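For the numbers below, each heavy atom of this structure counts, side chains included, while hydrogens, waters and symmetry mates do not. Just so you know, these numbers come straight off a predicted model, no measurement behind them.
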Amino acid sequence: MREYDTYVFDLDGTLLSTLDDLAASCNYALRTNGMEEHSVDDVRRFVGNGVRKLMERAIPQGDSNPLFDKTYADFRKHYMEHNLDTTKPYPGIMDLLSRLKERNKKVAVVSNKFYAATQALCRHFFGDLVDVAIGERENIRKKPAPDTVEEALRQLDADRVGAVYIGDSDVDIMTARNCKMPCISVLWGFRDKEFLVDHGATTFVHSPEEIFPF
C-alpha cells in the first residue's frame, strides 16, 4: 500500500463500530412515538448519509410524517446520551492511528454524523491521535459533496496531492471521487465487497494494518 502524507477517515463503519448504538437510539425514538422498530440489519442499510437520512428511511413516510421532527429529536437526544454504550474502535484501529502519529502523518475524520457526536466520539476514543474531526453542519454540504473534506484539508494545512480518503460505503467512494483523491475501501464496515465493487471501489483492505503497516 502506498504511503501518504495525509489520511482522511470516515468514522462510522471505518474507525468505530457504532451500528448497535445507532440501532438502539433509532428504535428508542420509533418506539417512543408509536412506530414499528427495525432490525439491526435494516439500520445497517439505512446509515451512510447522516442521521437525518437514517431517520427518514426508518420512519414511515419519512420527513413527511407529522411526527418526524419529534422522532428525529428523540433520536438525537437518546444517541448523545447512549453513543458509548457499545461503540468501540474496530480491532487494529488504535494501533493504526498511533503508527500514523509516530510517523508525523496528518489525520482527519470527516463524518456525516452530526457535529457534536463526531467531536465527542473522536475526543473520547482517539484524543490527539486525530488532528481534525468534522461532522455534519448546517452551513456546509455533507458528503458526498467535497466541502467537509476540503475543510479538513484546510484545517490541516494539507494538499489533496499526497492525501487519501478511507471509508466503508458508496458515499465514501463518491466523496473521494468528488475530491479527486484516491479511495481505500475497508471490508470490516457496514457494506460488503460486492456492494462496494458495484459502486466503483477499486482498492480494498481487510485489516487496518494493510493501510499503514505496523
Side-chain angles (χ1 to χ4, degrees), residues 1 4 7-27 37-59 62 75 79 83 86-94 96-97 107-114 117-118 121-122 125-126 130 133-136 141-149 152 163-212:
M1 186 69 64
Y4 295 89
Y7 292 76
V8 181
F9 292 91
D10 172 54
L11 186 60
D12 294 50
T14 301
L15 295 178
L16 292 180
S17 175
T18 58
L19 184 60
D20 287 343
D21 285 342
L22 287 167
S25 292
C26 175
N27 283 329
E37 298 180 36
H38 291 283
S39 70
V40 173
D41 279 341
D42 285 341
V43 176
R44 182 192 302 274
R45 291 191 293 271
F46 297 159
V47 298
N49 296 87
V51 292
R52 182 181 176 88
K53 183 61 70 174
L54 159 62
M55 294 309 291
E56 286 178 10
R57 292 165 174 162
I59 294 171
F75 166 86
Y79 188 68
N83 61 28
T86 64
T87 288
K88 59 185 177 182
Y90 286 101
I93 289 297
M94 298 306 296
L96 168 62
L97 295 178
V107 176
V109 169
V110 176
S111 176
N112 278 345
K113 185 187 293 293
F114 52 96
T118 300
L121 287 168
C122 285
F125 287 108
F126 309 131
V130 168
I134 296 178
E136 181 182 12
R141 293 182 301 168
K142 65 182 182 180
K143 302 183 297 183
D147 302 40
T148 48
V149 174
V164 64
Y165 185 91
I166 302 154
D168 73 304
S169 74
D170 54 322
V171 173
D172 296 314
I173 296 164
M174 290 186 288
T175 300
R177 185 180 302 134
N178 290 337
C179 293
K180 298 179 172 58
M181 291 167 57
C183 181
I184 298 172
S185 295
V186 307
L187 295 177
W188 56 80
F190 297 164
R191 302 289 186 261
D192 61 26
K193 186 173 183 179
E194 181 179 3
F195 177 93
L196 294 170
V197 169
D198 287 345
H199 288 82
T202 58
T203 303
F204 303 94
V205 290
H206 294 83
S207 71
E209 186 174 5
E210 295 177 53
I211 297 172
F212 197 92

Close side-chain approach of [X] to [Y], heavy-atom, < 4.5 Å:
X    : Y    : answer
L15  : Y90  : no
L196 : L187 : yes
D12  : V47  : no
D41  : V43  : no
V149 : M181 : yes
I93  : F125 : no
L121 : K113 : yes

Measure across [X] and [Y] and return the closest heavy-atom pair with its distance rounded to 0.1 Å.
X    : Y    : answer
A176 : P182 : CB-O, 4.2 Å
P208 : G92  : CB-O, 3.6 Å
R141 : P146 : NH2-CD, 4.1 Å

Worksheet item: Please, which pairs that meet side chain to side chain donor-acceptor pair (under 3.5 Å) have at least one residue in residues 177-206, sequence neighbours excluded?
Response: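 Those involving residues 177-206 do not exist here.
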Worksheet entry | Under the side chain to side chain contact (heavy atoms under 4.5 Å, CB included) test, residues paired with S25 that sit two or more places apart |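 So S25 forms a side chain to side chain contact (heavy atoms under 4.5 Å, CB included) with F75, H78, Y79.
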Worksheet item: Do V8 and V164 pass the side-chain contact (heavy atoms from CB on, under 4.5 Å) test, and can you show the C-alpha distance, the side-chain angles, and the key distance before you say yes or no?
Response: CA-CA 6 Å; V8 181; V164 64; over 6 Å; no
Practice prompt. Test side-chain contact (heavy atoms from CB on, under 4.5 Å) on N83 and T18 and set out the steps.
Written response: CA-CA 8 Å; N83 61 28; T18 58; over 6 Å; no
From [atom1] ([X]) to [atom2] ([Y]), nearest 0.5 Å:
X    : Y    : atom1 : atom2 : result
N112 : T148 : CG    : OG1   : 6.5 Å
E210 : M1   : CD    : CE    : 6.5 Å
C26  : L54  : SG    : CG    : 5.0 Å
L16  : L11  : CG    : CG    : 4.5 Å
F9   : Y165 : CZ    : OH    : 10.5 Å
S169 : M174 : OG    : CE    : 7.5 Å

Discussion item. Test of understanding: with ring-ring contact (aromatic ring centres under 6.0 Å, His included), list the residues that count as partners of F126, not counting sequence neighbours.
Written reply: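 ring-ring contact (aromatic ring centres under 6.0 Å, His included) check on F126 returns nothing, list empty.
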Worksheet item: Under the ring-ring contact (aromatic ring centres under 6.0 Å, His included) test, which residues partner F46, sequence neighbours left out?
Response: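 Scan of F46 (ring-ring contact (aromatic ring centres under 6.0 Å, His included), adjacent residues dropped) gives H38.
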Discussion item. Under the side chain to side chain contact (heavy atoms under 4.5 Å, CB included) test against D10, which residue among V110, V186, T175, D172 passes?
Written reply: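 The option that passes is D172.
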Worksheet entry | For R57, all residues meeting side chain to side chain donor-acceptor pair (under 3.5 Å), sequence neighbours excluded |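 Listed in chain order: N49.
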Fill in: Which residues share a side chain to side chain donor-acceptor pair (under 3.5 Å) with D168, sequence neighbours left out
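Result, side chain to side chain donor-acceptor pair (under 3.5 Å) vs D168: T14.
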Worksheet item: Does T86 offer a backbone N or O that forms a donor-acceptor pair with the side chain of D20 under 3.5 Å?
Response: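 Not confirmed, D20 side chain does not pair with T86 backbone.
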